[in-house]
Amino acid sequence: MFVSKAVESVNTNFNNEQLFLYRFGSAQIPAGHLRRNKDPISLVVAADERDAPGRLVEVARHLAAHRDGDVYILSTQVLDEDLHRMDIQALLSPNIEAAVYVLSGEGADSPLRASTVSYLFQLNLRKVCSINRQNEVSAYKRPSGGKFQILFVAAGSIYPLSLGSHQRMFNSIQGLIEAGCDVTVLYQQQRREREIGAAAALSLIATDVHTFKSQRGKLKGNTARRRAVYNTLAKWLKVSRPSKETFAEKCQQRSSYWLYEELKRLGETGRFDAVWVNYAWMMGKVDAGIHRLFHTVICDTHDVQFYRNEGDRPLLDKIVLNQQYDKKFEVNQLSKADIVLAISDRDAKLLKEALPTKTVVTLVPSFDQHQKPVRPRDVYKPWVFGFIGTKMDANVKAIEFVIRHWWPELHKFSPESRFLIAGTVCEERSVQAASWLHDEIELLGFVDDLSGFYNQIDALLSPILVRGGLNFKNVEAAMAGKHVITNNNGVETMAPVPLRALENAEEVIGYLAEVETSPELDVYLRMEIQRAAANRFSNADDFASVIDVVASKRERSRV
């Protein structure tokens, strides 16, 4: 017998440091006079709380008299004041619009704690301000003081953390900060509503923030000729689903001219020890001139496109667009970097073979925030299965495969079982069609609390059909102490975590029957997988090795 209830969202990274949330009360100025779609709140935080508890309450009282909406206090200490203690998850709602006020002192301020920053990044931020002892408010600026200056280049704003790529970039910046770096973020401009929240959030992790305008470039050379031939043949052969953008096309079309101009302008200041570029296709604007302006060029691949695209592709794609041409184009872009970052050991092996003269470092994401105690499962209750993901092609293929090939057999084996699917993948029509006749499958859509999702399920059904760098949901489930039901591709990306590869419904049922009949084995397996995942996905040493290379190149350039 089996069951489920699930949910998708953002990463609540509290870095194992406990946070306490208090509601001070409602402001005296009613918020009803403002035309807002969301509920405004004011949240008071402090970087150094040794002498802050009294001042936190004092500032909260001042805001209640001069601002609108409810006023809250976030602290790493238990406050003795007679305040209403709240669940720390209470503010993680899209219906709330938060203005954050950071206490500032007379002299040099300390940066906010990593746990506080991680929490604030989960909120729907409107602005982040500093408030001094005279209750004067100014724009918040993260204090500097790192040994190294890193320019961090991103295709998007990083905020909100609703995508795995955003989570990786956020964790990378946090890792650089902990390794002794000040980070300046350069990212592509967003729509105005998103820009407001992004500017507020990025001020928490970056000492400076710059943007560049987006621009759709033109295809050139062999890349343009191949696409023209493909389009002609696809039209003649009446291909219903044309090929998606290749790596070479993405590199030429999405690397903005304005990105190059900003890289050049910032590089000429001579401030930076390294430039960290996210995605190989953004290396299209890193030429020899840009390289000379920075001591070190780092490229975080996120995943290896030429490996990801090796899967089943239509014959016309293989003949005309040519996978080897695309691979060569990608390798050429990566060869511009001094350090190439891989998201998994498997990707690192591929990159070392393709780039034998380059420094390749495996930089795994950190998932400490998801670790929960492993508890025995009630064997008398049905199992709870889940899947969570965004509406990207890999997730759509995976969930359709589970519904069509695994779920009918699982449901026959246990008619009481249920399967809850969360995330924007629920918006895909093909997923809705595949699940329509199954009453025991529930599409939850986007959810606000990722931790709540993993609290409700017993096992994650998550095979990987489109090979990529790392499947975040599988690691999150392992760290949460849940069973991870995946195939050989999923096992490879998490090696050496001892997952069992399950390729078909019969193997899945055999595994579930085995752990259900032995509660001791059930707990033991989940504890071993969680322990191995915690050991593997710890990246402090990886950041240290990257910074060692940066320091070495800086010293050589000075000499």
Side-chain angles (χ1 to χ4, degrees), residues 1-9 370 372 374-390 394-423 425-426 428 431-432 434-447 449-465 471-487 490-491 499-517 519 521-523 525-526 529-530:
M1 30 178 191
F2 306 104
V3 135
S4 126
K5 196 149 187 168
V7 260
E8 170 195 339
S9 157
H370 293 287
K372 300 287 191 304
V374 176
R375 305 186 186 282
R377 195 182 68 82
D378 189 341
V379 296
Y380 298 103
K381 289 185 178 180
W383 285 66
V384 177
F385 295 103
F387 181 92
I388 186 169
T390 57
N395 287 329
V396 172
K397 287 182 177 179
I399 193 59
E400 287 181 359
F401 175 84
V402 170
I403 294 173
R404 298 185 191 282
H405 299 284
W406 285 6
W407 187 251
E409 298 303 316
L410 284 174
H411 191 55
K412 284 181 186 177
F413 180 72
S414 173
E416 295 180 42
S417 63
R418 291 185 62 79
F419 183 26
L420 301 185
I421 303 170
V425 70
C426 298
E428 185 66 31
V431 174
Q432 295 172 354
S435 60
W436 187 62
L437 294 176
H438 298 275
D439 292 337
E440 67 282 357
I441 296 179
E442 184 178 348
L443 303 181
L444 301 179
F446 182 83
V447 298
D449 184 8
L450 188 61
S451 178
F453 164 57
Y454 291 116
N455 286 340
Q456 294 181 70
I457 70 169
D458 298 307
L460 189 78
L461 300 178
S462 180
I464 296 179
L465 304 183
N471 193 294
F472 277 41
K473 67 175 73 65
N474 288 4
V475 188
E476 291 167 354
M479 291 294 286
K482 308 302 178 180
H483 289 288
V484 179
I485 310 299
T486 189
N487 57 0
V491 171
L499 293 177
R500 190 182 302 183
L502 306 170
E503 300 291 344
N504 53 55
E506 290 73 21
E507 292 179 355
V508 174
I509 290 171
Y511 174 80
L512 294 172
E514 182 180 352
V515 297
E516 190 171 46
T517 56
L521 177 64
D522 174 50
V523 172
L525 288 177
R526 287 186 285 128
I529 289 170
Q530 185 190 68

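For the pairing with Ser462, the side-chain hydrogen bond (donor to acceptor under 3.5 Å, both in side chains) check across Thr486, Asn487, Asn474 returns one residue only, Asn474. For the side chain to side chain contact (heavy atoms under 4.5 Å, CB included) with Val484, the qualifying choice from Leu502, Leu499, Asn471 is Leu499, the only one to do so.
When all heavy atoms are compared, the tightest approach of Ala501 to Glu507 is O-OE1, 3.8 Å. Nearest heavy atoms, Trp407 versus Ser417: CH2-OG, 3.5 Å. Closest approach of Gly445 to Cys426, counting heavy atoms only: N-SG, 3.4 Å. Arg526 and Pro376 get closest at one heavy-atom pair: NH2-CA, 4.0 Å. Of all non-hydrogen atoms in Pro463 and Ala398, the two that sit nearest each other are O-CB, 3.4 Å. Listed here is the closest heavy atom pair of Arg404 and Ala434: NH2-CB, 3.6 Å.
Side-chain atoms of Glu440 do not come within 3.5 Å of backbone N or O of Phe419 as any donor-acceptor pair. Although no hydrogens or angles enter the test, the distance criterion places no donor-acceptor pair under 3.5 Å between the side chain of Ser414 and the main chain of His411.
Here the straight-line distance linking atom CZ of Arg377 with atom CG of Asp458 works out to 5.0 Å at 0.5 Å rounding. Atoms CD1 and CG, from Ile403 and Leu410 in turn, are 12.0 Å apart once rounded to the nearest 0.5 Å. Going from atom CG of Asp439 over to atom CZ of Arg418 covers 8.0 Å, rounded to the nearest 0.5 Å. If you take CD1 on Ile399 and CD1 on Ile388, they are separated by 11.0 Å, rounding to the nearest 0.5 Å. For the atom pair Lys482 NZ and Tyr454 OH, the distance stands at 10.5 Å (nearest 0.5 Å). From Asn395, atom CG reaches atom CD1 of Ile464 across 9.5 Å, with rounding to the nearest 0.5 Å.
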Working for side-chain contact (heavy atoms from CB on, under 4.5 Å), residues Phe453 and Leu460: CA-CA 10 Å; Phe453 164 57; Leu460 189 78; 3.8 Å; yes
Derivation of the side-chain contact (heavy atoms from CB on, under 4.5 Å) call for His483 and Tyr511: CA-CA 10 Å; His483 289 288; Tyr511 174 80; 3.0 Å; yes
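By the 4.5 Å heavy-atom criterion applied to side chains, Ile485 and Trp406 are counted as neighbours.
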